[in-house]
Protein chains: 2
Amino acid sequence: MAAQRHVTMNDVAKRAGVSLKTVSNVVNGYRFVRDATRRKVLDAIDELGYSVNVVAKSLREGRSNVIGISLPDMRLPYFAELYSCLAGEARAAGRRVIFAPSGVSRTNELDVLHGSFASLIDGLILSPKYLTGGDADKLNVDYPIVLIGEQMRTNARDRVITENEHGIYRATASLVAKGCRRIAVVGVGGKGVASEPMRLRGYRHALEDTGIALDTSLEIPADIWYQPAGADAVGVLFRDGLRVDGIVCMNDLLAMGVMQELRRRGVLVPDDVKVVGYDDSIDAQYFAPSLSSVDPDLRSVARTAIALLCARIDGVDPSSIDALRSVIPSPNASSQTTVSSVAPSVTAASESSESPAASRTGSYVVSRTGSSRSDAAANSGTPESVTGYVTVTVPSKLVERESTAVR
Amino acid sequence: MAAQRHVTMNDVAKRAGVSLKTVSNVVNGYRFVRDATRRKVLDAIDELGYSVNVVAKSLREGRSNVIGISLPDMRLPYFAELYSCLAGEARAAGRRVIFAPSGVSRTNELDVLHGSFASLIDGLILSPKYLTGGDADKLNVDYPIVLIGEQMRTNARDRVITENEHGIYRATASLVAKGCRRIAVVGVGGKGVASEPMRLRGYRHALEDTGIALDTSLEIPADIWYQPAGADAVGVLFRDGLRVDGIVCMNDLLAMGVMQELRRRGVLVPDDVKVVGYDDSIDAQYFAPSLSSVDPDLRSVARTAIALLCARIDGVDPSSIDALRSVIPSPNASSQTTVSSVAPSVTAASESSESPAASRTGSYVVSRTGSSRSDAAANSGTPESVTGYVTVTVPSKLVERESTAVR
DNA sequence: CTGAAAGCGCTAACAC
DNA sequence: GTGTTAGCGCTTTCAG
């Protein structure tokens, strides 16, 4: 039997014939311990199979080195991939990860924020589904939060978003470049997907910029961005007797449903219709025919989000962190290009006028918003004052494959 | 500002004008508290935005209500789905879930078991990748463990497995029933997949039982069960100049790669070759053509694993738990059908002799193994003695779709 | 039914 | 360099 129940530091101290504090010193890598003493302690630890009780440590230190992650649904490849990246980056940053699903219900999301889950974590990475811009005050908690995605639009938060508009813009433009002239978009009105307005905007701007007239009958709704909805969308297109030569899908699952249904109806991809998706999920390249898709670069999203959160936890200015330095403007710099202007609501299609050119560039863009210090800074030892909240936009790129090939 | 930093029970007690203990009583639903008192406390809690500090609670109680989950790779649909199910079932059981990736390295897996991660959890659900049967003693820790899958074969553990052999057996037999006579299997020798021998056995038995001669040149290896390997396998089949009319894939990812490559080479599915996969991953039905696949019923796997683990944590005999009652033989019953006889090693193809008929049935089967009490029972208040370890086999079923259709 | 005191395992002051 | 003490927020005796 290797491990007894609850081997404590005290047990180790006794076994090694030293004091409790010395054991603590060794365990925590305190430098000024005699080599002989250290060895004794280490041996005792080995013999007893001791490992620190992080619960006690957490209670005492007031921090746990655990990061909370709250995402809607792991079964969606997008979130599975995102989670995987976040867990990896957290691990690399020396933190553990604890998961609480969001998106179960509004109550559930509020409970994640305000319930006892919070006492387990030093900070939270949140991708809410039910909370909206109006709930901004619900985020006033005593630990730092980094939001991922467009949901819950408020400036007064650190946030990492992907280049939604630009991504779809390029996807659409690439279809035009390949000769498509009647291009449908599938996924309009997607429920609970805050990035839908940006994506629709990207589609429309691409058509405008390439001189193709908008035709709203080609903007096919899909409540749930899931394969069956993609199949249904094709049904709608056929029912209306519309001829299209290109279809932009707001995510890969829709695209798979679309391609499946096209095939069933004897339409060839890419010969008759070219299809492009969004997310570049792992299946996209192994789908038949392989699917061109917009890669949101979730690894960068994760790296940025974790770095940002860790900075806040440590009460450190994000711009002093390596992983963020290249991405965050210096505190002194005047306000940067503002990206993805705050949509007042998720009313989609109506106001297609803003969309600053900046969002069509291909590099990290950051905007500084708000001015309140991070709450974390208030109780961190670090006197370093923390500047305003930050929104990082991670560039996405189009990956071209068979489904948009020219033959 | 809703929440101040660290509102404590003491704060609530002062605010409500009662003692600390009374607050504790209210929070923990102790029955004998005057209604008026309870109301005062509840009001104070609301006003202050108090929620219990589960870290302190854990330290004091010696248990955290957190279940550890350690799986290899969330990007594989199989594990994403499994994780999602586990998290849902844990939630339903009133426990939180904390994740630590396994499969990073052997050291990492040992660290999950013996490192400080353990002090955060009451019990662990583990699907190891590097630890093998020889490491059985590494599982001697002071908290209960439930293993999922075939990896790390040892009787002296609670374990939930799926009906691997039977699943592939039926998949193969269904191809035969549809007229296939030269049936390949893809995925032989899959590295780090302990269920591979069972699956290969299922394939072979199905051929034997239907009177088709084995041809080992049709058993195509694939180290990694991933799309590219599936594509490669088709390459191998072609290179050898072999004609096949059916392909059994050891998982869906392989099947997708196979179908992709077949298509590229102008082979029609299901007309020329029928293909069947394993896992019934969410994409299987939206792949084109939709993929017949074996559904391992991960929701049942998760439900069983969580129920089993919770029983051990609570020091309760699993057979007294509702979710398990129908599945676990009564402690008094003599030893049940033994399922999936313990393979002495993962040497795959060599000993295809055992495989009891039981594993081809379609219902839950349980074997009792070992006799040691759960360690958990030793320090649980419950005097109820815990019986030997249990292996639950969850039945899987074949879902037939387009890729095996007869035309 | 309610209050006071002890202690879960650890770290941070401060002695020695 | 090392030992001693107090206390993180909570539950649990044990009195009242």
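Each chain gets a letter, A, B and so on, in the order the sequences are listed, and its residues count up from 1.
- With rounding to whole Å, B/Asn65 atom CG is found 14 Å from D/dT11 atom C1'.
- Using a 4.0 Å heavy-atom criterion, one finds that B/Val33 contacts the sugar-phosphate atoms exclusively.
- For the segment residues 37-45 of chain A, residues with any heavy atom less than 4.0 angstrom from an atom of DNA chain D are, sorted by number, A/Thr37.
- Taking the nucleotide of DNA chain C with the nearest heavy atom to each of A/Leu59 and B/Val18, the more 5' of the two is matched to B/Val18.
- Sorted by first and then second residue, the side-chain hydrogen bond (donor to acceptor under 3.5 Å, both in side chains) pairs involving residues 49-62 of chain A (not counting sequence neighbours) are A/Asn28-A/Lys57.
- No side-chain heavy atom of B/Val12 sits less than 4.5 Å from a side-chain heavy atom of B/Val27.
- A heavy-atom distance below 4.5 Å is not found between the side chains of A/Ile125 and A/Val97.
- With DNA chain D read from its 5' end, the first of the two nearest nucleotides for A/Phe32 and A/Leu20 is the one closest to A/Phe32.
- Summarising the geometry, atom CD belonging to B/Glu109 is positioned 10.0 Å from atom OG1 belonging to B/Thr132; distances are rounded to the nearest 0.5 Å.
- Between B/Asp314 and B/Arg95 there is a salt bridge, with a side-chain nitrogen of the basic residue lying less than 4.0 Å from a carboxylate oxygen of the acidic one.
- Atom pair A/Asn25:CG and D/dT4:P shows a separation of 14 Å (rounding to whole Å applied).
- Using a 4.0 Å cut-off between a side-chain N of Lys or Arg and a carboxylate O of Asp or Glu, A/Asp35 and A/Arg38 qualify as a salt bridge.
- Look at B/Asn28 and you'll find a side-chain N or O under 4.0 angstrom from OP1 or OP2 of D/dT11.
- Regarding B/Lys14, its NZ atom lies at a distance of 13 Å from the C1' atom of D/dG9, rounded to whole Å.
- Rounded to whole Å, atom P of D/dT2 lies 15 Å from atom CE of A/Met9.
- Whole-Å rounding puts the A/Leu120 CG to D/dC8 C1' distance at 15 Å.
- For the pair B/Ser64/B/Leu120, no side-chain contact is recorded, criterion being any heavy-atom separation below 4.5 Å from C-beta on.
- Once you apply a 4.0 Å limit to the heavy atoms of chain A, the touched nucleotides of DNA chain C run 5' to 3' over C/dG9 to C/dA13.
- The shortest distance between the side-chain N/O atoms of A/Ser119 and the OP1/OP2 oxygens of D/dG9 is not below 4.0 Å.
- When each of A/Lys21 and A/Val52 is assigned the nucleotide of DNA chain C bearing its nearest heavy atom, the one mapping closer to the 5' terminus is A/Val52.
- Here the side chains of B/Leu139 and B/Leu147 are in contact, with some heavy-atom distance below 4.5 Å.
- If you check D/dC8, D/dG9, D/dT12 against the side chain of A/Arg60, the one that comes closest is D/dC8.
- Here B/Asp73 does not pair with B/Lys129 in a salt bridge; the nearest charged N to carboxylate O distance is not below 4.0 Å.
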